[in-house]
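These figures come from a predicted structure and were not determined experimentally.
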Amino acid sequence: MNFSEVFKQSNQLCRVSPDGKYLATCVQYRLVVRDVNTLQILHLYTCLDQIVHMEWSSDSLFILCAMYKRGLVQVWSLEQPDWYCKIDEGSIGLVSSRWSPDGRHILNTTEFHLRVTVWSLCTKAVSYIKYPKACQKGIDFSRDGCYMALAERRDCRDYVSVFVCDDWHLLRHFETETQDLAGVEWSPNGCVLAVWDSCLEYKVLLYSLDGRLLSTFSAYEWSLGIKSLAWSPSSQFLAIGSYDEKVRILNHITWKKVTEFDHPATINNTKAVVYKEVERKPVVGSADLSIQQHITMGSTLFNTQSKYEICPLPVQVPVVKPDLDRANPKVGVSSMAFSSDNRYLATKNDSMACVVWVWDMQRLGLLAVLEQTSAVRCFQWDPRRPRLALCTGNAKLYLWSPAGCVSVQVPAEGGIQVQSLNWHCSGDSLILLGKEQLCLCYLEIGEEEDEVK
């Protein structure tokens, strides 16, 4: 496992191009594009203000930079560095900007969600879509890029409009049986659209492409409901995380519940392995103290080391009791992710912030529990292999695979504290993001399994 030098970044804005060749980072109002292999700077662009959102086009030829406070979007070209496009929404304002799947249209949502403006880079044509709803996930594109689902709110009712992305004509428009629609998400195969209600009501509605209601699922009433939702890559399972600290799995044939996963405070499942992170500070002799004074604070030589230990059952998981009188209580399943091979599901329950749960989707049971010393900030699956990476806001990277767990010190100068991470599309490297820094971690196939053994 090797690490690159440290680079600057702002607002966690660092993205690998879809073709995996380039790394784009934002530093205040500058956009830096590097070769992902050599990390040499290929292009340097200067925007009109500090960048708050950055996104690659699907063909990796253009980069969108948004400056919401000024209502501006600037688009830069990799093929023609002198060419650029500026979109000014003016006094109507701007709250979000994104590419369409073809990489030639930009969708801007105005302040107060008055409308969505579709700008064409090819023809300079402009289209307007009215009544977009301000919610958790109001727009979603199908994986093949053919269709866009848009949540709408008009006359105090919720609707969904399905548009064809080629020419933006309306394919279907239908009312949803929701009190306060919170989000829409296509299944990976593009056949089913999941629509879910706000946290005040547990309800998931499943629609076909032509707007037919296929099924409705509600686990309970009169209590806080859905907190997260995730499709498996094969579209066979829909996982629903809720405030009652459970994950319910629906199947794609009958849309009925197959099983539910609990997050108990005491783990006594004999088929599960509990890995606990144990810290130890390096012992420094008196003869080394003079040397230590000359070493900068950012050095990793005297940092706390950690490793995983397998705990004998039963294991008591640390639980923080939430304040239920305050809005958005720290309870319930807020994060879920399926592995690329559909075999595993990773979850996090907010009242157990230091713990990540890994479930086996073949036998529908708990496989592993990772208990960290600090709250888990982010976890993400390798896009090619069943390998999970996570970070907890310290100078370490953690990896889990069916072979076991490993804790790795990030030997970066300045002591980068890893706040979030992203896999390269090849699965051979990771981008580790600190508050104002980033570095790359290079992994070899099977390397982590060797370390575990």
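Ser340 pairs by the side chain to side chain contact (heavy atoms under 4.5 Å, CB included) definition with nothing, not counting sequence neighbours. Contacts of Tyr344 classified as ring pair (Phe, Tyr, Trp, His ring centres under 6.0 Å), with partners at least two apart in sequence or in another chain: Trp400. Considering only residues two or more places apart in sequence or on other chains, His53 meets the side chain to side chain contact (heavy atoms under 4.5 Å, CB included) condition with Glu55, Leu64, Ala66, Tyr68. Applying the salt bridge (Lys or Arg N to Asp or Glu O under 4.0 Å) test to Lys133 and every residue at least two apart in sequence or in another chain returns Asp158, Asp180. With sequence neighbours excluded, the residues that form a salt bridge (Lys or Arg N to Asp or Glu O under 4.0 Å) with Lys137 are Asp140, Glu185.
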Give every donor-acceptor pair under 3.5 Å between a side-chain atom in residues 24-37 and any protein atom, sequence neighbours left out.
unit_1	atom_1	unit_2	atom_2	d
Arg34	NH1	Leu39	O	3.2
Asp35	OD1	Asn37	N	2.7
Asp35	OD1	Thr38	N	3.1

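In Gln179, the CD atom is not crowded: 12 or fewer heavy atoms of neighbouring residues, nucleotides or ligands sit closer than 6.0 Å.
For the residue pair Tyr45 / Gln74, no side-chain donor-acceptor distance below 3.5 Å is found, with atom types taken as modelled. Counted by atom type alone, Asn251 and Thr254 present one or more donor-acceptor pairs between their side chains at under 3.5 Å. Donor-acceptor pairing under 3.5 Å is lacking for the side chains of Ser306 and Glu279. Checked by atom type, the side-chain pair Ser374/Thr392 shows no donor-acceptor distance below 3.5 Å.
Side-chain atoms of Lys276 do not come within 3.5 Å of backbone N or O of Val315 as any donor-acceptor pair. In this structure, Arg98 contributes its side chain and Ile106 its backbone to no donor-acceptor pair below 3.5 Å.
Aromatic rings from Trp357 and His263 are positioned such that their centres are separated by under 6.0 Å.
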